[in-house]
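Contents: one structure, followed by commentary.
Note that the coordinates shown come from a computational prediction; the quantities given were computed from them, not determined experimentally.
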Amino acid sequence: MSEQPKAGQLTLVAPRRAKPQRHLADLTMAERRAAVVELGEKPFRADQLSRHYFARLTGSPEQMTDLPGDSRDRLVEQLMPSLLTSVREITCDDGMTRKTLWKLFDGSLVESVLMRYPDRVTMCVSSQAGCGMNCPFCATGQAGLTRNMSTAEIVEQVVAGARALARGDVPGGPGRISNIVFMGMGEPMANYKAVVGAVHRLVDPAPEGLGISARGVTVSTVGLVPAIEKLSREGLPVTLAVSLHAPDDELRDTLVPINTRWKVAEVLDAAWNYAAITKRRISIEYALIKDINDQEWRADLLGRLLKGKLVHVNLIPLNPTPGSKWTASRPEDERAFVRRLEFHGVPVTVRDTRGREIDGACGQLAAATPV
Ligand code: SAH
């Protein structure tokens, strides 16, 4: 485990650790074919394996009856190792919200959250064990960064959710995942390569990937400007969410410490550029913290920064985290904040607090060891 960071301390490069075993989901289709050939099999076995994993969502050799018995076990052992072990599952909302605590091969802990709504199923996934961004109001940041997750470790969270839904384990009958948000533990843009690989596996059509629409995928960032610029050139039209939380540098320097590297204006410029290239609306995340960032003048300043842009503001009533001295805004201040933004013609919604009672809402994922 990592040490608790000092106030404002950033960890941009993840500690070097032993890597998890290679998995099919780490690889492109061409790499999968090369990998099976390396194991002494014909290239088309990679297609068969991909179909089992990404289309049929199966990982058990017994079900892969189109593969000869002896190669089956070997291929599964070599290319579909089990990377995540479920340690604990907690549900609320009559089972419609479920948070899973996962143990990785080296004992690192991460969490993912599945949320079923009448019209969609959203999975919130982690991209790092811990986080190095150290935002003082976020539980994940307080424990520091343990390590980056691999592409397959990220994808496996989604596949596990997809399997649970397909099996009918989530109330409401069998279903499919429609939306993925990279809003679990970690800063996705600080684990760029693995995250972009994971996005490919999610959106590439089956059996190459899971075939989830890129429109349903959101990558959330504190604002690592060079990575945002790079993402805009990937040809992956995913939604970009920027965790802004303050419209002015003075306050944002303390709430989102990366602001000491890249200022509000630079982050927003990168975001508008992203929107221009991808034609996707930018999501601005803004946790409303009582008497800290919820003043009307800040709403006004935010409105002026965002007006006329391809943007949507998500206001998040601050979720409680252990040891935090802050709380959510008063309802009347929240309403006034919304009204100010609307005055500037900026689309705004207040996010629901799904999963709050199981510490599964925004900023609450700490992967605490089960008691
Ligand atoms: N590191 C990325 C991905 C995490 S997303 C990012 O920060 O964007 C998690 C979202 O929840 C971020 O917008 C984060 O700022 C927000 N958040 C963190 N702590 C919170 C809290 N206590 N209450 C409400 N939102 C919080």
Side-chain angles (χ1 to χ4, degrees), residues 20-27 49-64 76-77 79-93 95-117 120-129 149-186 188 191 194-195 197-204 206-207 209-212 216-218 354-355 358 360 365 367 370:
Q21 202 187 318
R22 175 178 72 166
H23 188 285
L24 192 77
D26 287 312
L27 309 175
L49 281 178
S50 300
R51 201 160 297 119
H52 287 302
Y53 183 76
F54 287 105
R56 300 183 55 216
L57 303 172
T58 181
S60 51
E62 310 82 65
Q63 288 176 27
M64 306 183 184
V76 169
E77 196 184 288
L79 289 171
M80 286 191 212
S82 116
L83 297 173
L84 310 181
T85 312
S86 166
V87 178
R88 183 184 51 194
E89 197 141 67
I90 328 179
T91 60
C92 63
D93 305 316
M96 300 296 212
T97 303
R98 46 198 269 161
K99 178 173 88 162
T100 311
L101 173 67
W102 302 104
K103 188 188 262 175
L104 310 181
F105 85 102
D106 59 355
S108 301
L109 297 169
V110 300
E111 291 183 315
S112 61
V113 185
L114 185 150
M115 291 160 279
R116 186 167 209 169
Y117 298 87
R120 66 185 193 280
V121 182
T122 300
M123 266 210 85
C124 177
V125 297
S126 294
S127 57
Q128 297 181 308
M149 293 174 74
S150 69
T151 290
E153 284 174 329
I154 298 169
V155 172
E156 278 264 273
Q157 300 168 76
V158 179
V159 169
R163 283 175 181 154
L165 270 169
R167 275 198 306 263
D169 285 2
V170 184
R176 297 168 67 92
I177 291 172
S178 52
N179 298 71
I180 315 277
V181 295
F182 283 79
M183 293 191 183
M185 300 172 75
N191 184 17
V195 165
V199 172
H200 270 291
R201 297 306 102 74
L202 301 179
V203 307
D204 286 350
L210 287 169
I212 294 168
V217 177
T218 299
R354 266 278 182 131
I358 54 169
L365 301 186

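- Put simply, CZ on Arg51 and CG on Leu57 are 13.5 Å apart, with the number rounded to the nearest 0.5 Å.
- When all heavy atoms of Arg98 and Glu89 are compared, the closest pair comes out as NH2-OE1, 3.1 Å.
- With Asn191 contributing its side chain and Gln128 its backbone, the two residues share no donor-acceptor pair below 3.5 Å.
- Using a 4.5 Å heavy-atom threshold, the side chains of Phe182 and Thr218 count as separate.
- In plain terms, the two heavy atoms of Lys99 and Ile358 that are nearest each other are NZ-O, 2.9 Å.
- Note that CG of Leu79 is 8.5 Å distant from NE2 of His23, once rounded to the nearest 0.5 Å.
- Closest approach of Thr97 and Arg354 over heavy atoms only: OG1-NH1, 2.8 Å.
- Counting only heavy atoms from C-beta outward, the side chains of Val121 and Asn179 never approach each other to under 4.5 Å.
- Side chain of Glu153 to backbone of Ser150: a donor-acceptor contact under 3.5 angstrom is found.
- Although no hydrogens or angles enter the test, the distance criterion places no donor-acceptor pair under 3.5 Å between the side chain of Arg120 and the main chain of Ser178.
- Distance check: Leu109 CG to Thr85 OG1 gives 10.5 Å after rounding to the nearest 0.5 Å.
- Side-chain N or O atoms of Arg201 include none that pairs as donor or acceptor with a backbone N or O of Thr151 at under 3.5 Å.
- No more than 12 heavy atoms of other residues, nucleotides or ligands lie within 6.0 Å of CZ in Arg176, so this atom counts as exposed by the packing criterion.
- In this structure, NE2 on His200 lies 14.0 Å from CG on Leu210, to the nearest 0.5 angstrom.
- The shortest distance between side-chain heavy atoms of Ile90 and Cys92 does not fall below 4.5 Å.
- Of all heavy-atom pairs between Leu84 and Gln157, the closest is CD1-N, 3.6 Å.
- Gln21 contributes a side-chain N or O that, together with a main-chain N or O of Glu77, makes up a donor-acceptor pair within less than 3.5 Å.
- For the side-chain hydrogen bond (donor to acceptor under 3.5 Å, both in side chains) test with Trp102, the passing option among Ser126, Ser112, Ser108 is Ser112; the others fail.
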